[in-house]
Chemist: 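Before anything else, here's the structure in question.
First the proteins, then the strands, lettered A, B, ... as listed; each starts at 1.
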Amino acid sequence: MSARQYITTAIDYPNAAPHMGHVLEKVLADVCARWMRLRGDAVRFQIGTDEHGVKIARKAKEEGVMPQELVDRNVPLFQDLYGRLQISYDAFVRTTDRKRHWPTVEALWRKLQEAGKLEKRSYTGLYCSGCERFLTKKDLEDGKCVTHKVAPEEVTEENWFFTLGEDALWLKKLLTKKGKGGYTIVPEFRAPETLMLIEQGLEDVSFSRSRESLTWGIPVPDDPDHVMYVWCDALTNYISGLGFFTNHEDRTFWDDAQVTHVIGKDIARFHALIWPAMLKAANVRTPDTLLIHGFLTSEGEKMSKSLGNVVNPEDVLSRFSGNPDPLRFYLSHEVPVGRDGDFSWERITELYDSALRNQLGNLLNRILVMLKKESGALQIDSKASDAKQVAEKWASYTERMDGFTLHEGIKLSMEWVRLMNEGFNDAAPWKIKDDAKQKVSVLSAFAEYVRHVALMLLPFIPQTAQEISRQLNVPYAEKMLEKDFVITPAMREWGSQKDWRTVGEPKILFAPLE
RNA sequence: CGCGGGGUAGAGCAGCCCGGUAGCUCGCGAGGCUCAUAACCUCGAGGUCGCAGGUUCAAAUCCUGCCCCCGCAACCA
């Protein structure tokens, strides 16, 4: 595996409070980032907010505040939520940051211009004043705007265009090339979808708006009548966070790193096509991986305000007394990477009870309570069969995690927990009455197994994984949440923790709800 | 013929690429155990694998046609 990883998420649009869609993406990216760190990579994990655009401007106007005030109020909602969800980001980019974001954006624009990729053209389109944007054929029904049921007016304005149309050939090569130098789409089934878009022909992309239609954005350099449209502004966050084209440029996490963008299926095409085309024009190497996730429904239906089924992440957190792990567990366990998923209160409660509380929590408890009755001392004997089983589990777990099938990684870990409960029943340590040494040996083996499972669960439910390790009293427990904590090859081996001699106090890991 | 995803036990899904006794989780029923958070373990009930053809000794799995559901840009950039 590569030693250096740069992983990003899409930047969120803070015109309202964060919702479950945002959370799904951040948890997914966080699990990836944590896993990469745990396997020993140097990781830079960046998220941020996309704060410009008509919708923000309009929302601000509605509320009678300046756009900057609106975003300054909303952005902390995202940062605060992600903090409490233990999203381990290293950098947060705000597109309204004139010191850290704008210089890169302006420099990139100039580079695109120098490369001849930007052309000013007169654009005539059907403009809907309700939507405050130009409509395409798809937005029309009987010549009227689908949302507002009004006929749009024909408006002509000058725009800067990015000549994406001429990039089709090499983009196709980039996206079909395997391995180094190629841009890999995960999951695989999304790749042909994107290639199909290229087949259908790429059109040039509008890169600016006239100042009349969009004021809240970054001005186009040397052209005060125009403001940058979302692409050059928002996508650029991935490199502005690294100070590209400025005097504080640090490309360590780009030129010499594996670059992974985690995004939703809605913006896949922009990240697969426009973004690499922009980078190439600016003479910057293209990213390596595009990890595309699906969307979340709520109770089986599309989340929408009108249906009233929008799930507020805050409610989920408070349902579990602020503990982020049940939600993190749910999203990782129930939503296959790349696929759509569903959030259901019944399901998350069910999973909390059966998986976290009854299987995982109870397993730890029954082992610790019995060991404590025997003075709490450990005696982990080396046994070839145990060593082999542990090695096999780690091998398949690592394969899943490295391949971004994280849901399989967590499921495999939990399946192992189930097997441990089964094994515990079979071993029936409570029946061993006369041989204390034998009893401790049997129980210690289970403690050692749980030590391994806690490591496997660490990227998903970090707080819980640490708490398990603390109760087990493993020597490295206190360091587990530090960013430089690495799961060493030794840690993956049976009985490798020679300094681990006693277990700690058993405590209820997950309490019954209500 | 816009594109894509999907239709497998009550629910959620795996299996399909590389055909060969239909599997997992939760839920449900019965039993076991009693170390443990009324937790854990075992067994069981429950499925015409969307429909119809075809290929084959054999199809959930391959081929053809059809039907149905859901997304298509996330609060409506």
Side-chain angles (χ1 to χ4, degrees), chain A residues 10 12-13 15-17 19-22 24-25 50 52-56 58-59 130-134 137-139 146-148 187-190 192-194 196-197 199-200 214 229-231 233-234 263-270 294-298 300-307 310 333-336 338-342 344 346-347 349-351 353-374 407-408 411 414-415 417-432 439 442-443 446 506-513:
Chain A
D12 300 320
Y13 202 66
N15 60 338
H19 54 71
M20 286 298 281
H22 297 119
L24 174 71
E25 178 173 285
D50 167 22
H52 291 127
V54 170
K55 279 205 297 186
I56 296 275
R58 199 189 325 171
K59 186 76 186 287
C131 303
E132 292 192 36
R133 68 184 182 100
F134 286 97
K137 288 154 256 159
K138 282 196 302 186
D139 302 315
V146 178
T147 358
H148 296 91
E188 278 176 29
F189 73 82
R190 291 280 177 209
E193 209 173 304
T194 311
M196 189 66 75
L197 285 172
E199 295 297 329
Q200 287 168 356
L214 177 69
Y229 193 48
V230 62
W231 313 126
D233 180 350
I263 53 153
K265 63 182 183 180
D266 54 333
I267 50 176
R269 58 170 67 178
F270 311 125
F295 289 166
L296 265 190
T297 52
S298 165
E301 306 209 55
K302 187 180 172 177
M303 260 189 227
S304 79
K305 270 185 181 161
S306 45
L307 283 171
V310 175
H333 192 271
E334 294 300 286
V335 185
R339 303 293 191 114
D340 288 347
D342 183 50
S344 137
E346 195 185 331
R347 184 70 187 136
T349 309
E350 195 176 285
L351 206 63
D353 277 331
S354 69
L356 293 178
R357 208 160 69 78
N358 296 347
Q359 288 192 3
L360 182 61
N362 185 48
L363 173 67
L364 176 70
N365 203 238
R366 63 201 300 211
I367 296 168
L368 288 184
V369 167
M370 289 199 78
L371 270 170
K372 270 294 172 190
K373 285 181 188 164
E374 304 297 321
H407 56 287
E408 289 181 8
K411 284 190 173 181
M414 292 309 292
E415 169 60 17
V417 168
R418 204 197 64 74
L419 287 173
M420 287 176 202
N421 271 312
E422 184 183 327
F424 200 87
N425 277 41
D426 291 345
W430 57 89
K431 283 187 179 161
I432 307 173
K439 192 168 177 177
V442 167
L443 290 168
F446 283 101
K507 274 178 284 202
I508 297 296
L509 201 57
F510 292 100
L513 287 173

Chemist: How far does the C1' atom of rC3(B) sit from the matching atom of rG20(B), given to the nearest Å?
Modeler: 36 Å
Chemist: Taking the C1' atom in each of rC33(B) and rC70(B), what is the distance between them to the nearest angstrom?
Modeler: 46 Å
Chemist: Could I get the full list of side-chain hydrogen bond (donor to acceptor under 3.5 Å, both in side chains) partners for Asn365(A), not counting sequence neighbours?
Modeler: none
Chemist: Considering only atom C1', compute the distance from rU25(B) to rU8(B) and round it to an integer number of Å.
Modeler: 15 Å
Chemist: With rounding to whole Å, what would you report as the distance between rG10(B) and rG47(B) at their P atoms?
Modeler: 7 Å
Chemist: Determine the contact category for Leu364(A): base if any of its heavy atoms lies under 4.0 Å from a base atom, sugar-phosphate if only primed atoms, P, OP1 or OP2 are that close, otherwise nothing.
Modeler: nothing
Chemist: Closer than 4.0 angstrom, basic N to acidic O: yes or no for Lys411(A) and Glu408(A)?
Modeler: no
Chemist: Using side chain to side chain contact (heavy atoms under 4.5 Å, CB included) as the criterion, list what pairs up with Ala428(A), not counting sequence neighbours.
Modeler: Trp430(A), Lys431(A)
Chemist: For Arg418(A), give me all partners under side chain to side chain contact (heavy atoms under 4.5 Å, CB included), at least two apart in sequence or on another chain.
Modeler: Gln359(A), Glu415(A), Glu422(A)
Chemist: What residues form a side chain to side chain contact (heavy atoms under 4.5 Å, CB included) with Pro336(A), not counting sequence neighbours?
Modeler: Arg339(A), His407(A)
Chemist: Mind checking whether Phe270(A) and Trp231(A) have parallel, tilted or perpendicular rings, split at 30° and 60°?
Modeler: tilted
Chemist: Take atom P in rG27(B) and the same atom in rA36(B), then report the distance between them in whole Å.
Modeler: 22 Å
Chemist: What about Asn358(A): does its side chain form a donor-acceptor pair under 3.5 Å with the base of rA39(B)?
Modeler: no
Chemist: Got a sec, which pairs hit salt bridge (Lys or Arg N to Asp or Glu O under 4.0 Å) with one end in residues 363-373 of chain A, sequence neighbours left out?
Modeler: Lys372(A)-Glu505(A)
Chemist: Could you pull out all residues at least two apart from Ala511(A) that satisfy side chain to side chain contact (heavy atoms under 4.5 Å, CB included)?
Modeler: Ile508(A)
Chemist: Would you please name every residue forming a side-chain hydrogen bond (donor to acceptor under 3.5 Å, both in side chains) with Lys59(A), sequence neighbours left out?
Modeler: none
Chemist: Looking at Val417(A), Leu509(A), Val369(A), which one forms a side-chain contact (heavy atoms from CB on, under 4.5 Å) with Leu364(A)?
Modeler: Leu509(A)
Chemist: With rounding to the closest Å, how many angstrom separate the C1' atoms on rG71(B) and rA14(B)?
Modeler: 22 Å
Chemist: How far, in whole Å, is rG12(B) from rC41(B) if one measures between their P atoms?
Modeler: 24 Å
Chemist: Could you give the CD-to-P distance, from Glu334(A) to rC13(B), as a whole number of Å?
Modeler: 9 Å
Chemist: Run through RNA chain B and report every stem of 3 or more consecutive Watson-Crick or G-U pairs, distances under 3.5 Å, ordered by first number.
Modeler: B:2-7 with B:67-72, B:10-13 with B:23-26, B:28-32 with B:40-44, B:50-54 with B:62-66
Chemist: Nearest whole Å is fine: how far is rA36(B) C1' from Leu443(A) CG?
Modeler: 12 Å
Chemist: Measure CD/Glu25(A) against P/rA73(B) and give the value in whole Å, please.
Modeler: 17 Å
Chemist: How would you summarise protein contacts on nucleotides 26-35 of chain B per nucleotide, using B for base, S for sugar-phosphate only and - for none, with heavy-atom distances below 4.0 Å?
Modeler: S-----BSSB
Chemist: Would you list the protein and nucleotides 6-9 of chain B atom pairs, both N or O, that sit under 3.5 Å from each other?
Modeler:
residue : atom : partner   : partner atom : Å
rG6(B)  : OP1  : Arg339(A) : NH1          : 3.4
rG6(B)  : OP1  : Arg339(A) : NH2          : 3.4

Chemist: For His22(A), check side-chain hydrogen bond (donor to acceptor under 3.5 Å, both in side chains) against everything at least two apart and list the hits.
Modeler: none
Chemist: Say you pick atom C1' in rC76(B) and the same atom in rA60(B); how far apart are they, in whole Å?
Modeler: 40 Å
Chemist: Go nucleotide by nucleotide along RNA chain B from the 5' end; which of His22(A) and Glu422(A) gets its closest nucleotide reached first?
Modeler: Glu422(A)
Chemist: Give the nucleotide from the list rC75(B), rA36(B), rA73(B) with an atom nearest to the side chain of Lys55(A).
Modeler: rC75(B)
Chemist: Using every non-hydrogen atom in the two residues, find where Leu513(A) and Thr349(A) come nearest and quote the distance to one decimal.
Modeler: CD1-CG2, 3.7 Å
Chemist: With sequence neighbours left out, write down each residue that passes side-chain hydrogen bond (donor to acceptor under 3.5 Å, both in side chains) with Lys439(A), or none if nothing qualifies.
Modeler: Glu374(A)
Chemist: Measure from CG on Leu296(A) to P on rG71(B) and round the result to the nearest Å.
Modeler: 14 Å
Chemist: Could you check how far NE2 of His19(A) sits from C1' of rC76(B), rounded to whole Å?
Modeler: 10 Å
Chemist: Within the structure shown, what part of the strands sits under 4.0 Å from Gly361(A) by heavy-atom distance: base, sugar-phosphate, or nothing?
Modeler: base
Chemist: Check the distance between rC75(B)'s C1' and Tyr13(A)'s OH and give it to me in whole angstrom.
Modeler: 12 Å
Chemist: Calculate the interatomic distance between Phe510(A) atom CZ and rA38(B) atom C1'; express it in whole Å.
Modeler: 19 Å
Chemist: Using whole Å, what does the distance between atom P of nucleotide rC40(B) and atom CZ of Phe446(A) come to?
Modeler: 15 Å
Chemist: Start at the 5' end of RNA chain B and walk down; is the nucleotide closest to Leu24(A) or to Asp50(A) reached first?
Modeler: Leu24(A)
